[in-house]
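Heads up: the structure comes next, in structure tokens.
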Amino acid sequence: MMPRFQRPTGTHDILPEEQPYWEYVTEFAVRLARRAGFERIDVPIFEATELFARGIGATTDVVEKEMYTFTDKGGESLTLRPEFTAGVVRAYIENGMHVRPQPVKLYSVGPVFRYDRPQAGRFRQFHQFNMEILGEMDPLADLEVMLLIWDLYAGLGFRDLSFQLNSTGCPRCRPGYVQVLKEYYEKHIGEICEDCRRRLARNPLRVLDCKADVCQPVIAAAPPITDHLCDECADHFARLRGYLDLLGRPYTLNHRLVRGLDYYTKTVFEVWAAGIGAQAAVCGGGRYDGLAEALGGPPTPGVGVAAGIERIIMVMKAQELEVPPLPAPAVFLAHLGDRARREAVRLADELRRAGVAVWTAFGDRGLKSQMREADKRGARYVVILGEDELARGAAAVRDMAASEQAEIPMEELVPWLRQRVGA
RNA sequence: GUGGGUGUGGCCUAAGGGUUAGGGCACCUGGUUGUGGCCCAGGAGAGUGUGGGUUCGAGUCCCACCAUCCACCCCA
């Protein structure tokens with residue numbers, strides 16, 4: 001036997017049965033974004049490797065060990081996007097979008113790729129719904145992104161979410177904080193795990209979200225970054241929190257929240273859900289005021305969020321949230337004999353042009369078999385074309401749910417079905 | 001990269017080391033002339049993830065690899 005092909009590790013086939021979730025979630029998210037004035041942008045699935053290395057940060061896990069990087073036939077190093085923001089900001093710069101009315105609000109949906117060990121809620125190819133506001137430093141922009149993502153989950157009916165918020169400062173104040181943190185940790189070097197000793201040298205902020213038991217007391221007593229923000233960052237953060245309080249949106253101030261992408265400045269946030277395993281974050285986002293400049297563009301503040309669609313769907317299933325089924329073909333066309341088959345072909349074409357979803361029987365089978373098929377496909381009406389009906393210039397139409405059948409003159413058939421099916 | 005669990009038709013699952021791997025769901029056909037769901041009958045579909053080994057004999061035991069799930073790590 002031929003060796004069977006399998007999907008690559010960490011990828012998934014999204015079968016028809018799953019599509020109601022996907023369609024519902026993405027449509028809901030898109031409607032939400034458009035309502036707030038976001039426009040759609042599609043950026044390439046692969047970009048120059050350097051874009052991600054510079055944008056996300058060369059020492060981040062994403063860049064260091066999670067990228068799908070390859071060399072194309074022209075010898076260029078390309079990488080499957082591990083996230084949207086770098087590509088969207090690149091597109092903003094490259095297409096001169098800074099001359100448009102600012103800010104520019106953009107949303108995207110699509111697959112992203114990270115070479116990671118799969119587990120519950122973690123895949124190598126997964127999908128994100130992404131929103132970015134470029135060219136605006138007002139904390140109201142941060143607020144808008146957060147409110148929209150909040151409304152997304154609320155609108156889908158999510159319960160038991162936890163909104164985690166922090167500020168990571170900016171290049172002016174962060175180095176000072178890192179120094180303070182390092183000094184604090186030096187004093188407790190004997191009380192922390194080995195990983196953290198390494199982190200301290202490479203990416204000190206990461207010690208804050210260490211999960212090792214030994215490190216917990218040290219982290220709990222660590223100086224919070226929010227006590228070491230510069231005036232500008234402190235003001236920004238205070239205003240954002242003020243708006244959130246004003247609107248009564250609950251959030252948890254989490255001074256341990258350190259995101260794995262280096263471009264963040266000031267605001268960072270994540271939303272956590274319960275019941276979907278260890279990978280609880282359903283979205284993550286924040287402000288990245290230095291990114292555009294780091295990518296060679298004009299200084300442009302920005303703030304954005306990315307939500308993982310697979311995880312959203314996992315939450316929906318865990319919380320037993322229903323989604324509407326996708327429509328089945330309304331009409332099944334059964335036919336008996338050659339003449340009827342030819343008439344069926346013509347009729348199916350006419351009905352579809354008129355906007356009626358039609359499934360036609362293939363092959364040359366008995367009516368019983370065709371009826372069985374119509375039932376399994378969930379057709380509301382079965383149009384039966386046979387010699388008798390053709391002779392009378394009519395078709396039998398059976399209402400499957402009501403088990404009632406009527407004969408409809410051929411010339412009235414299309415409008416009759418259109419009206420009933422709502423096409 | 002590390003650790004643990006699992007691996008029998010499309011899906012779920014049975015088989016105390018011993019006849020041609022059993023069943024359920026789903027699928028197909030039929031139960032008289034052209035009518036679905038329920039029911040009945042029949043049919044097709046796997047040699048048990050892959051490769052080695054132990055044994056007279058392996059789906060059952062051992063080893064390796066692969067896949068998958070879960071966890072670490074990191075995040076969506």
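A distance-only check finds no donor-acceptor pair linking the side chain of Arg114(A) to the backbone of Gln125(A) [under 3.5 Å].
Between Arg398(A) atom CZ and G37(B) atom P the separation is 11 Å, expressed in whole Å. Between the CD1 atom of Ile149(A) and the C1' atom of A76(B) there is a distance of 11 Å, given to the nearest Å. One interatomic measurement links the two molecules: CZ of Phe113(A) to C1' of A76(B), which rounds to 14 Å at whole-angstrom precision. Put simply, CG on Asp262(A) is 14 Å from P on C74(B), counting in whole angstrom units. In this structure, the CZ atom of Phe5(A) is 16 Å from the C1' atom of C66(B), given to the nearest Å. Regarding Met314(A), its CE atom lies at a distance of 11 Å from the C1' atom of A76(B), rounded to whole Å. What separates OH of Tyr153(A) from P of A76(B) is a distance of 11 Å, to the nearest Å. Atom CG of Asp116(A) and atom P of A71(B) are 13 Å apart (whole Å).
Between the P atoms of C12(B) and G7(B), the separation comes to 12 Å (whole Å). Atom P of G17(B) sits at a distance of 34 Å from the matching atom of U2(B), rounded to the whole Å. Between G45(B) and C38(B), the distance separating the two P atoms is 25 Å to the nearest Å. Spacing between C25(B) and C56(B) at atom P, rounded to whole Å, works out to 42 Å. Here, A21(B) and A14(B) have their C1' atoms 9 Å apart, quoted to the whole Å. Taking atom C1' on both U48(B) and C74(B), the two are 37 Å apart, rounded to the nearest angstrom.
As judged by a 4.0 angstrom heavy-atom cut-off over every strand, Gln125(A) is placed among residues making no nucleic acid contact. Contact annotation for Gly121(A): base contact, defined as any heavy-atom pair under 4.0 Å involving a base atom. Counting any heavy atom pair closer than 4.0 Å across all strands shown, Ala374(A) reaches no nucleic acid atom. Among the atoms of the strands shown, base atoms are found under 4.0 Å from some heavy atom of Ile384(A).
Here Arg81(A) does not pair with Glu47(A) in a salt bridge; the nearest charged N to carboxylate O distance is not below 4.0 Å. Ion pairing of Glu18(A) with Lys317(A) is present here, as a side-chain N (NZ or NE/NH1/NH2) and a carboxylate O approach within less than 4.0 Å. Look at Glu387(A) and Arg339(A) and you find a salt bridge, because one of the NZ, NE, NH1 or NH2 atoms lies within 4.0 Å of a carboxylate O, short of that distance. Ion pairing of Glu310(A) with Arg122(A) is absent here, as no side-chain N (NZ or NE/NH1/NH2) approaches a carboxylate O to less than 4.0 Å. Look at Lys187(A) and Glu183(A) and you find no salt bridge, because none of the NZ, NE, NH1 or NH2 atoms lies under 4.0 Å from a carboxylate O. Using a 4.0 Å cut-off between a side-chain N of Lys or Arg and a carboxylate O of Asp or Glu, Arg341(A) and Asp338(A) qualify as a salt bridge.
Considering only side-chain N and O atoms, Thr60(A) lies nowhere under 4.0 angstrom from the phosphate OP1 or OP2 of C74(B). The shortest distance between the side-chain N/O atoms of Gln279(A) and the OP1/OP2 oxygens of A76(B) is not below 4.0 Å. At C66(B), none of the side-chain N or O atoms of Gln6(A) fall inside 4.0 Å of OP1 or OP2 (strictly under the cut-off). In this structure, Thr9(A) reaches the U68(B) phosphate: one of its side-chain N or O atoms is under 4.0 Å from OP1 or OP2. Not one side-chain nitrogen or oxygen of Lys368(A) sits closer than 4.0 Å to the OP1 or OP2 atom of C28(B). OP1 and OP2 of U29(B) both lie 4.0 Å or more from every side-chain N or O belonging to Arg372(A).
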Using the 3.5 Å cut-off, write out each protein N or O paired with an N or O of nucleotides 2-7 of chain B and the distance between them.
residue : atom : partner   : partner atom : Å
U2(B)   : O4   : Arg117(A) : NH1          : 2.3

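Taking the six-membered ring where the residue is Trp, the centroids of Tyr381(A) and Phe332(A) are separated by 6.0 Å or more.
Residues from residues 34-59 of chain A lying near RNA chain B, meaning a heavy-atom separation below 4.0 Å, are absent. The stretch residues 404-418 of chain A touches RNA chain B through Gln405(A), each having a heavy atom under 4.0 angstrom from the strand.
Between A71(B), C74(B), A76(B), one nucleotide has an atom nearer to the side chain of Glu66(A) than all others, and that is C74(B). For Gln128(A), whose side chain is taken as the heavy atoms from C-beta onward, the closest listed nucleotide among G36(B), A76(B), U29(B) is A76(B). The side chain of Lys376(A) sits closest to C28(B) out of C69(B), C74(B), C28(B).
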Side chains of residues 407-416 of chain A: which donor-acceptor pairs under 3.5 Å do they make with residues two or more places apart or in other chains?
residue   : atom : partner   : partner atom : Å
Glu407(A) : OE1  : Arg392(A) : NH1          : 2.4
Glu407(A) : OE2  : Arg392(A) : NH1          : 2.6

Donor-acceptor pairs are to be reported for all side-chain atoms of residues 146-160 of chain A against protein atoms at under 3.5 Å, with residues two or more places apart or in another chain.
residue   : atom : partner   : partner atom : Å
Asp151(A) : OD1  : Arg249(A) : NH1          : 3.4
Tyr153(A) : OH   : Val282(A) : O            : 3.0
Arg159(A) : NH2  : Gln319(A) : O            : 3.3

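In Phe46(A), the CZ atom is not crowded: 12 or fewer heavy atoms of neighbouring residues, nucleotides or ligands sit closer than 6.0 Å.
Note on residues 24-44 of chain A: no pairs pass ring pair (Phe, Tyr, Trp, His ring centres under 6.0 Å), not counting sequence neighbours.
Gln119(A) contributes a side-chain N or O that forms a donor-acceptor pair with the base of C73(B) under 3.5 Å.
A cation-pi geometry, defined here as NZ or CZ lying under 6.0 Å from the six-membered ring centre and within 45° of its normal, holds between Arg124(A) and Tyr115(A).
Of all non-hydrogen atoms in Pro111(A) and Ile45(A), the two that sit nearest each other are CG-CD1, 3.8 Å.
Shown here, G3(B) forms a base pair with C70(B); the pair counts as Watson-Crick or G-U wobble because both key distances fall under 3.5 Å.
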